[in-house]
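Structure record follows, encoded as structure tokens.
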Amino acid sequence: MNRPFSHSSLSTYEQCPARFKFSYIDGITKPYEGIESFVGRRVHETLQFLYNEVASGKLPLFDTVVEFYSDCWNKEFHDGVKVIKQRFSIEHYFSIGRDCLRRYYRKHKPFNQPVKETEYSIVFKLDENDDFEMKGILDRLDNLGDGRWEIHDYKTSSRAMSQADAEKNRQLALYQIGIQKNLEEVQSMVLVWHFLQQGEEVRSERTPFQLEKLKIKIRKQVDEIRAFNFNGGPFRPVETPLCNWCFYWEECPAKSEHNPVVKRELST
Ligand code: SF4
């Protein structure tokens, strides 16, 4: 349990403590991933490529962007990429990613945002006295000048987040805490989500008081996880529809067989 926590690992713990244990404590890895996360990663890589090109003085055509996406898709695709929603084909998911890129390209061309970093990894302590670290990867960090900054996040999910949920969202607020530790002067920080399937943008800001409250909440959660780990549990399984995207069915006490998408493969 010495590795850094992340928004993603805490979310896994909130959704299903057993899954958290298999992944983050026992370190069990599986050769599978849901196609939705595969699409998301290819779209992120492509947007990074796009901004790298712009940073080097080029403005790639949309065809060039799609070609990059397609090449990444073909290079990275593997047998462990699983389509959970059987009514959809792999081509359907490929198109979702391409359409996300098209929408983004049309909306933001010529990409003259003041980009400071893309795919920027951070590891940090909430405060110096904390005895654990947090980590995250910012999709994009923009420097607007005069101490004004923006953290941007790309989402390929099928539903956009409401403004009310953005105000409570932990992920980018956590990144804000991490980033502010490294920046000399921050007058303002805006958190920006790009919902690429819907072409929507959601923005939010946090007060110092809200960030302090978030730190307290995270510390409490980390304490609970570490106490459970020290005492041997309980890391209870919590069955929800998200089980369909979980590949720990063999280890899970709530399941008696393999995840059906894996079972199909094993029986062929
Ligand atoms: S199958 Fe469901 S209950 Fe079991 S570990 Fe995975 S998410 Fe949790």
Side-chain angles (χ1 to χ4, degrees), residues 1-44 76-90 92-93 96-97 132 134-137 153-162 165 168-172 174 193 195 197 217-268:
M1 289 297 296
N2 288 331
R3 56 198 274 201
F5 290 86
S6 63
H7 166 73
S8 169
S9 69
L10 295 181
S11 295
T12 302
Y13 178 75
E14 287 155 3
Q15 286 159 7
C16 175
R19 185 174 178 175
F20 172 89
K21 178 179 181 293
F22 301 141
S23 178
Y24 295 99
I25 297 178
D26 300 340
I28 303 170
T29 56
K30 297 285 179 176
Y32 308 110
E33 65 177 313
I35 195 159
E36 294 87 350
S37 97
F38 180 82
V39 173
R41 289 198 288 134
R42 304 296 77 83
V43 168
H44 279 71
E76 299 295 337
F77 203 87
H78 57 94
D79 292 344
V81 178
K82 297 297 172 199
V83 177
I84 315 294
K85 296 178 180 172
Q86 286 290 296
R87 63 187 183 281
F88 296 130
S89 64
I90 289 172
H92 167 79
Y93 286 101
I96 286 180
F132 64 92
M134 302 296 304
K135 68 173 181 178
I137 302 177
D153 197 63
Y154 309 124
K155 298 289 188 206
T156 54
S157 45
S158 58
R159 266 187 293 179
M161 186 165 57
S162 68
D165 284 343
K168 293 181 288 189
N169 179 277
R170 177 180 57 208
Q171 183 187 14
L172 297 198
L174 188 55
W193 292 263
F195 288 92
Q197 280 207 51
K217 203 170 165 190
I218 291 174
R219 282 188 196 109
K220 208 170 148 207
Q221 199 170 22
V222 167
D223 282 349
E224 180 182 299
I225 293 171
R226 296 205 293 194
F228 278 2
N229 187 40
F230 185 76
N231 298 322
F235 287 94
R236 272 190 294 270
V238 177
E239 289 185 276
T240 67
L242 292 175
C243 291
N244 293 325
W245 282 266
C246 173
F247 299 105
Y248 292 111
W249 285 38
E250 297 111 284
E251 291 80 7
C252 178
K255 300 290 183 189
S256 53
E257 52 180 12
H258 293 282
N259 182 318
V261 290
V262 174
K263 199 172 158 198
R264 270 198 298 274
E265 175 187 280
L266 295 174
S267 61
T268 54

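For ligands, and for the atoms within them, numbers begin at 1 and follow the listed sequence.
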* **Heteroatom N/O/S of Cys16 within less than 2.8 Å of atom 8 (Fe) of ligand 1** => yes

* Asked: Hey, does Val238 sit under 4.0 Å from ligand 1 if you only count heavy atoms?
  -> yes

* **Closest non-hydrogen atom pair between Val81 and Phe38, with its separation** => CG2-CD1, 3.8 Å

* State which residue, out of Phe247, Tyr248, Trp249, fulfils the ring pair (Phe, Tyr, Trp, His ring centres under 6.0 Å) condition with Tyr32. => Phe247

* Asked: How does Cys243 reach ligand 1, by side chain, by backbone, by both or by neither, if only non-hydrogen atoms under 4.0 Å count?
  -> both

* Asked: Can any side-chain N or O of His44 pair as donor or acceptor with the backbone N or O of Tyr154 at less than 3.5 Å?
  -> yes

* **Where ligand 1 meets Pro237 - atom numbers and elements under 4.0 angstrom, heavy-atom basis** => 3 (S)

* Short N/O/S contact of Cys252 with atom 6 (Fe) of ligand 1 (below 2.8 Å) -> no

* Structure fact -> Note: ligand 1 atoms sitting under 4.0 Å from heavy atoms of Trp249 are 1 (S)

* Asked: Are any of the side-chain heavy atoms of Phe20 and Phe228 separated by less than 4.5 Å?
  -> no

* Ile137 atom CD1: more than 12 heavy-atom contacts under 6.0 Å -> no

* Minimum non-hydrogen distance to atom 6 (Fe) of ligand 1, winning option of Pro17, Ser23, Pro253, Cys246 -> Cys246

